[in-house]
Visitor: 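Encoded as structure tokens, here's the structure I'll be asking about.
Here the structure is a predicted model, which means the values were calculated and not measured.
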Amino acid sequence: MLSGVTRQRDPTSLHVPARIRAATEADAAQIAAIYAPVVATTAISFEYEPPSAHDMAARVRGALERYPWLVCERDGELLGYAYATRHRERAAYQWSAESSAYIRADARRRGVGRALYGALLPMLAAQGLRSVYAGVTLPNPASVGLHEAIGFRPVGVFRHVGYKFGAWHDVGWWQLALRGPEAPEPVRAFPQVVGTAEYLAAIEAGGRLLR
């Protein structure tokens, strides 16, 4: 899912070079601040209560044990983040993941989402994952446009699957194949990929997409 928050920024700060890097627990407060309005004011997230910085730190810590959680940072401030989670718990699903991205409102339409995905997806491929899925609460043309622009294809819609703000909401699903259908090798946990040539190439690929 892709979203942002309304926030006034000094426009000159947008000219400071940005970078893509792995998240740390120290980013939790800024991540929570980006995410909180999405939970509180939209149906993009199906959570009812925004997680605290403490809760978000635990999420980042847990996610990084297995999957990438990336942030786009400029001058010490986060413009957005993207991460992957396990698609389903049963063993045969282990080669599939779900992805999400959230972009600060004043950083949208600047290539931040595309840059984050430009690093996230090759990292997942380096881990040995085969497919990535993205669920999007409908309607959300910005998120649909981003995912389809980077190669995701629609695979179906869950009708009336979430109830929030007094209404039922549909969720559309998009899929991106990272590798072919041959028999897979074991999936590597994210810490096994960090620092490798594949990891560094993914960070560089994402960085090249930043405007």
Visitor: Any donor-acceptor pair under 3.5 Å linking the side chain of Glu47 with the backbone of Val39?
Guide: no
Visitor: What is the distance from atom CG of Leu146 to atom CZ of Arg109, rounded to the nearest 0.5 Å?
Guide: 11.5 Å
Visitor: Does any N or O in the side chain of Arg86 come within less than 3.5 Å of the main-chain N or O of Arg88, such that one atom is a donor and the other an acceptor?
Guide: yes
Visitor: Without placing hydrogens or testing angles, list every side-chain donor-acceptor pair under 3.5 Å for residues 60-68, not counting sequence neighbours.
Guide:
residue : atom : partner : partner atom : Å
Arg61   : NH1  : Glu25   : OE1          : 2.7

Visitor: State, without any angle test, whether Tyr133 and Glu98 hold a side-chain donor-acceptor pair at a distance under 3.5 Å.
Guide: no
Visitor: side-chain contact (heavy atoms from CB on, under 4.5 Å) with Ile203: which of Arg19, Arg208, Met123?
Guide: Met123
Visitor: Which atom pair, heavy atoms only, marks the closest approach of Ala29 to Ala53?
Guide: CA-CB, 3.8 Å
Visitor: With distance as the sole test, does Asp170 use its side chain to make a donor-acceptor pair with the main-chain N or O of Leu138 at under 3.5 Å?
Guide: no
Visitor: Could you report the tightest heavy-atom contact between Pro141 and Pro139, atom names first, then the distance?
Guide: CD-C, 3.9 Å
Visitor: Determine whether Ile44 and Trp168 fall in the same hydrophobic cluster, where Ile, Leu, Val, Met, Phe, Trp and Tyr are linked whenever their side-chain heavy atoms lie under 4.5 Å apart.
Guide: no
Visitor: CZ/Arg74 to CZ/Arg110 distance, rounded to the nearest 0.5 angstrom?
Guide: 7.5 Å
Visitor: With a 4.5 Å cut-off on side-chain heavy-atom distances among I, L, V, M, F, W and Y, is there a chain of contacts connecting Leu200 to Leu121?
Guide: yes
Visitor: Verify side chain to side chain contact (heavy atoms under 4.5 Å, CB included) between Ser131 and Trp95, making sure each step is shown before the conclusion.
Guide: CA-CA 7 Å; Ser131 292; Trp95 292 275; over 6 Å; no
Visitor: Angle between ring planes, Trp173 versus Phe158, binned at 30° and 60°: parallel, tilted or perpendicular?
Guide: tilted
Visitor: Kindly check if the number of other-residue, nucleotide or ligand heavy atoms within 6.0 Å of CD (Glu182) is above 12?
Guide: yes
Visitor: Determine the minimum heavy-atom distance between Leu120 and Leu70, stating which atoms define it.
Guide: N-CD1, 3.6 Å
Visitor: Just checking, any donor-acceptor pair under 3.5 angstrom between side chains of Ser99 and Tyr117?
Guide: yes
Visitor: Out of curiosity, does Tyr163 fall in the hydrophobic cluster containing Val38 (side-chain heavy atoms, cut-off under 4.5 Å, transitive links)?
Guide: no
Visitor: On a heavy-atom basis, which atom in Val193 and which in Ala126 lie closest, and how many Å separate them?
Guide: CG1-CB, 4.2 Å
Visitor: Please name all residues satisfying side chain to side chain donor-acceptor pair (under 3.5 Å) with Tyr199, sequence neighbours left out, ordered by chain then number.
Guide: none
Visitor: Give a yes or no on whether a salt bridge exists between Glu73 and Arg21, defined as a side-chain N under 4.0 angstrom from a carboxylate O.
Guide: yes
Visitor: Linking I/L/V/M/F/W/Y whenever any side-chain heavy atoms sit under 4.5 Å apart, do Leu124 and Tyr93 land together?
Guide: no
Visitor: Any sub-3.5 Å donor-acceptor pair from Gln94's side-chain atoms to Ala91's backbone N or O?
Guide: yes
Visitor: Is it the case that the ring center of Trp174 lies less than 6.0 angstrom away from the ring center of Phe152?
Guide: no
Visitor: Using a strict cut-off of less than 4.0 Å between a Lys/Arg side-chain nitrogen and an Asp/Glu carboxylate oxygen, indicate whether Glu185 and Arg179 qualify as a salt bridge.
Guide: no
Visitor: Step by step, would you call Arg104 with Leu79 a side chain to side chain contact (heavy atoms under 4.5 Å, CB included)?
Guide: CA-CA 5 Å; Arg104 211 173 69 190; Leu79 305 181; 3.5 Å; yes
Visitor: So does Gly180 get a backbone contact from the side chain of Arg130, meaning a donor-acceptor N/O pair under 3.5 Å?
Guide: yes
Visitor: With sequence neighbours excluded, give me every side chain to side chain donor-acceptor pair (under 3.5 Å) pair touching residues 188-197.
Guide: Arg188-Glu198
Visitor: How far apart are the C-alpha atoms of Phe46 and His169, what are their side-chain angles, what is the distance that settles it, and do they pass the side chain to side chain contact (heavy atoms under 4.5 Å, CB included) test?
Guide: CA-CA 9 Å; Phe46 279 0; His169 301 278; 4.0 Å; yes
Visitor: Taking all heavy atoms of Ala32 and all of Pro51, pick out the closest pair and write down the distance.
Guide: CB-O, 4.0 Å
Visitor: Check whether Lys164 reaches the backbone of Tyr48 with its side chain - one donor and one acceptor, N or O, closer than 3.5 Å.
Guide: no
Visitor: Is any side-chain heavy atom of Pro154 less than 4.5 Å from a side-chain heavy atom of Glu148?
Guide: yes
Visitor: For the residue pair Val71 and Ile31, establish whether any side-chain heavy-atom pair is separated by less than 4.5 Å.
Guide: yes
Visitor: Ignoring hydrogens and geometry beyond distance, is a side-chain donor-acceptor pair present between Asn140 and Thr137 at under 3.5 Å?
Guide: no
Visitor: Applying a strict under-4.5 Å side-chain criterion to I, L, V, M, F, W and Y, I'd like to know whether Leu209 and Ile150 cluster together.
Guide: no
Visitor: Kindly give the heavy-atom pair with the smallest separation between Cys72 and Leu116, and that separation in Å.
Guide: N-CD2, 3.7 Å
Visitor: Are Trp69 and Phe190 close enough, and set up right, to give a side chain to side chain contact (heavy atoms under 4.5 Å, CB included), and what steps lead you there?
Guide: CA-CA 9 Å; Trp69 188 313; Phe190 180 59; over 6 Å; no
